[in-house]
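Written below as structure tokens is the structure these notes are about.
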Protein chains: 2
Amino acid sequence: MNVQQIPNWLKQRAYLTPDRPAIKSNGVWVTFQELHQRVLHRANQLATLGVKKEDRVGLLMKNSFDMVIMVHALMYSGAVNVLLNNRLTSSELMWQIRDVSASYIFCDDSLEGEIHKLEAIDVVTHSELLSTIAADTCTIVQEFASDSVATIMYTSGTTGHPKGVLQTYGNHLWSAMGSALNLGLHSDDRWLATVPLFHISGFSILMKNVIYGMGIVLHEKFEAKQANRAITEDKVTIVSVVTTMLNQMLSELGSSSYPEHFRCMLLGGGPAPKTILEQCRDKKIPVFQTYGMTETSSQIVTLSADYSLEKLGSAGKPLFPCQLSIKKDQKLSAAFEEGEIVVKGPNVTIGYWNRNDATLESIKDSWLYTGDLGYLDDEGFLYVLDRRSDLIISGGENVYPAEIEGILMSHPAVTEAGVVGITDDRWGQVPFAFVVANKSISEGELLDFCKGKLATYKVPKAIKFEKVLPRNASNKLLRRKLKELIEEGHHND
Amino acid sequence: MNVQQIPNWLKQRAYLTPDRPAIKSNGVWVTFQELHQRVLHRANQLATLGVKKEDRVGLLMKNSFDMVIMVHALMYSGAVNVLLNNRLTSSELMWQIRDVSASYIFCDDSLEGEIHKLEAIDVVTHSELLSTIAADTCTIVQEFASDSVATIMYTSGTTGHPKGVLQTYGNHLWSAMGSALNLGLHSDDRWLATVPLFHISGFSILMKNVIYGMGIVLHEKFEAKQANRAITEDKVTIVSVVTTMLNQMLSELGSSSYPEHFRCMLLGGGPAPKTILEQCRDKKIPVFQTYGMTETSSQIVTLSADYSLEKLGSAGKPLFPCQLSIKKDQKLSAAFEEGEIVVKGPNVTIGYWNRNDATLESIKDSWLYTGDLGYLDDEGFLYVLDRRSDLIISGGENVYPAEIEGILMSHPAVTEAGVVGITDDRWGQVPFAFVVANKSISEGELLDFCKGKLATYKVPKAIKFEKVLPRNASNKLLRRKLKELIEEGHHND
């Protein structure tokens, strides 16, 4: 009785508010009823191909109306959406596809080349899918059970292989509800999605779309001018951004300002610099900074616009259904005392796919140990000190030093590698590598080596050769000391 | 893992939005932080008195700030709020208090006389409570589990004794969320509560208060002029009403209209007459008609204002998390086909207190069989034909004919009794009785007999003596035929 059975979200929307505009994509609005009809047809095509309940199905697609249809069609079929990051290299992708034991991969025609043919996995391109006949007897899922897994998104940990985060229907539903309790919900709300749908930041907009019955405007990719135009012309009221995007939108906006109806910049990926917040204050742009991760199915802590300058650098307070603690040595930290950020809530993942070890390590007594460091002030506002110790956030993408170090060390000439983030005007941060080599090799050769194996945004901006890397007594790499090396380097410039 | 643990609602509000206005009562606003402090103190007083987790505690109070404090203080203590209808007679109340095995009754001083002293029940008046010293070691509940019982409200069935409806924390939370998804949620929202807090209509406003972090204006009782004044002067945006209240507000309003910020009349207790809806349309008052019951923890079906005239007489469509069916002979009815209204959703009760029989009869496979008759049109809009077959709704109160018939038949002179509702200008409906007597007795004597045993609003407006009552082959009273008798009587006038 405790598992909530909520009616199939999009189908319910098509029943409750059939004629409301649902999605604008490529200049055209479709209603919830039209979207439902398209998804129903797609679900019938999937049935022809043999997609079954609980199949894990990979989606390797760029932001598009078709991707939206695929996401819902898989939900209608009862299959699990495995959202694949299309910026990854072929070998990174294949690792995830094998790990999740996907039955099918649906991909954009342009991305087919990234997938190696494997037995037991059907790879279906978009044009193949379009020519598939629709079965007329597809049994669609009528109710979404709160504890069923809806999606899997891979996230790299600080060490080792990426892990598939399990997100249930309940997780997505509560994420949307928690956000509505925080930001409110207006009948004229429209949300702009320019962030990738394969990330939780974009995906959560698709969920709000059907749960709220709210129109969304979907862009294939972020382009500041188009984003600003969507606010003015498409009457967008809320936009999800990271700092680098907000920055570009502000400069593109120039001396103009946004119309009255615009009510929220939802800013993820770390706190914004003061100068940007001041610009936004002067232009009356409400910025809601957030802290969240794939494991919390989007934001879990938010700083309301009223506090953005007063509590500069803070990530805010938890969403209504959520809780937040700082823990050190298994004890709760006092105000201003640093420790690990620990969170709880109905939007928090039930664990990692096929990784019981990692699940048990991260989730204890329903609390998620984020690995991030931070503290609470005396009013309970969160300040994040270090994301996952050494996480680099580059243009909104998480980059894990350990992953890049692993690739560098796989080169025969490299014996040690250390990677840290350095600030970058365009991307916020970019990775910078330190290497100890056992024979002569150039920076260019090593960078080329990385490019074949790492997504472009993970390839170090530069590589510096060292005789030895700073380590502590137990031989653990001290990445903070590497940062100091860079800062010293800058001083010496 | 499926039971959601949501942080103690008011306490969380006092953390997230401490300075926001929470409740205006007797002309004074208190913030969420102040409310929390008052409730904390009260919970400590309850601890002194010995109130424990899972105790069932009766509240016999009139709408007041103190009642709000008691409701939350019992939640802080982990006790179950048993909301007693202060319009009931002493014997009706005592039946419920015995049935629920209450450990404590907290009552207004003025209502103490209604409670007979019983062993094993502590009766505490408000002034006794105020002089109780607060314990300093009260352990307050930090998280509300979605499957824990928060409240019990008694409702009379079509036959037999009243039943205690169990409403969980999850029920109240989902009721609030479902309503927000339907009506939206604005940062300037203020809800006016003039309906009784012991009913789900009023109680659900208290829950929205803390879940949304929305201000409410509390009136001790409904008074049209004060209600209109709250809309204009206290900037109320939403009011819960029944038709008779709306009617009075409209006549009091005269040729004036409501300010722009007012956005919703949430109308319960049956569909509104066309003339009222037309008046509201002309005055640009958005009326959202709803269908709901104690068992659904407030509304479950709502007709949005856009459809109030187009779909005249309809109760609308379900809230987003809810489902609705019409069933006859265990089969789903087609469009326009009459049957029993069956509903499902996370706001639906888990059952009746200590009445497994009634629970099993009403809830099958998570669907609640409401006993109400209705049909869906071809777009899925609900039309309610008969509430619980013969339910009379008088000024927003449910009046069950079977209960009044039982009282009438307990008189030695009465062998048969039948009660139906007749339309009434002030209350919408009032009960009207037909009686077969075995010796001479006057209408006045029988009415006096009723007054001692039934709440005033349940006492029949008139009693008519008959030689025989219309019954079907299996001897079941045909209340519809009684209605025809009245209509014939009117024709003969």
Side-chain angles (χ1 to χ4, degrees), chain A residues 1-9 12-18 142-147 168 170 173-174 176-178 180-189 210-214 263 302 304 306 316-324 344-348 350-351 363 365-367 379-380, chain B residues 1-9 12-18 142-147 168 170 173-174 176-178 180-189 210-214 263 302 304 306 316-324 344-348 350-351 363 365-366 379-381:
Chain A
M1 267 302 295
N2 291 317
V3 176
Q4 301 303 347
Q5 301 280 354
I6 306 292
N8 175 327
W9 300 340
Q12 177 83 339
R13 264 301 146 210
Y15 162 36
L16 298 182
T17 53
Q142 298 294 328
E143 295 178 338
F144 294 160
S146 57
D147 64 343
T168 64
L173 184 60
W174 277 106
M177 301 307 321
L181 287 177
N182 184 50
L183 298 179
L185 185 56
H186 297 193
S187 57
D188 68 348
D189 269 341
V210 290
I211 293 167
Y212 299 168
M214 168 191 70
R263 67 185 193 86
T302 307
S304 79
D306 305 341
K317 289 180 178 178
L319 296 182
F320 182 77
C322 305
Q323 293 173 78
L324 171 63
K344 180 175 175 176
N347 51 329
V348 170
I350 52 169
I363 305 176
D365 198 21
S366 303
W367 286 86
E379 294 179 83
Chain B
M1 270 303 294
N2 292 315
V3 176
Q4 301 302 347
Q5 302 280 355
I6 306 291
N8 175 327
W9 301 340
Q12 178 83 339
R13 264 302 146 210
Y15 161 37
L16 298 182
T17 53
Q142 298 294 330
E143 294 178 339
F144 294 160
S146 58
D147 64 343
T168 63
L173 184 59
W174 276 106
M177 301 307 321
L181 287 177
N182 185 48
L183 298 178
L185 185 57
H186 297 193
S187 57
D188 68 349
D189 269 341
V210 290
I211 294 167
Y212 299 169
M214 167 191 71
R263 67 185 192 88
T302 307
S304 81
D306 305 340
K317 289 179 179 179
L319 296 182
F320 182 78
C322 304
Q323 294 172 78
L324 172 64
K344 180 176 177 176
N347 51 330
V348 170
I350 53 168
I363 305 175
D365 197 22
S366 301
E379 292 178 84
F381 284 86

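Convention: sequence-line order gives letters A, B, ...; per-chain numbering from 1. As the structure is a prediction and not an experimental result, all values here were calculated from the model.
- L185(A) approaches H186(B) most closely through the heavy-atom pair O-CD2, 3.7 Å.
- Comparing G345(B), C322(B), G316(B), A176(B) by heavy-atom pairs within less than 4.5 Å of chain A, the highest count is held by C322(B).
- Remark: F381(B) engages Y307(B) in a ring-ring contact (aromatic ring centres under 6.0 Å, His included) (not counting sequence neighbours).
- There is no side-chain donor-acceptor pair under 3.5 Å between Q142(B) and Q323(A).
- Listed here is the closest heavy atom pair of F320(B) and Q12(A): O-NE2, 2.9 Å.
- Here the straight-line distance linking atom CD of E143(B) with atom OG of S366(A) works out to 8.0 Å at 0.5 Å rounding.
- Across L173(B), D189(B), T17(B), L181(B), the residue that shares the most heavy-atom pairs under 4.5 angstrom with chain A is L181(B).
- Of the listed residues G184(B), P7(B), P346(B), P321(B), the one with more heavy-atom pairs under 4.5 angstrom with chain A than any other is P7(B).
- When the side chain to side chain donor-acceptor pair (under 3.5 Å) test is applied to K317(B), no partner is found at least two apart in sequence or on another chain.
- For chain B, the nearby part of P18(A) is the side chain; its heavy atoms alone come within less than 4.5 Å.
- Contact of E379(B) with chain A is made through the backbone alone, with heavy-atom distances under 4.5 Å.
- Both the backbone and the side chain of W9(A) have a heavy atom closer than 4.5 Å to some heavy atom of chain B.
- For I211(A), the parts lying near chain B are the backbone and the side chain together; criterion is any non-hydrogen pair under 4.5 Å.
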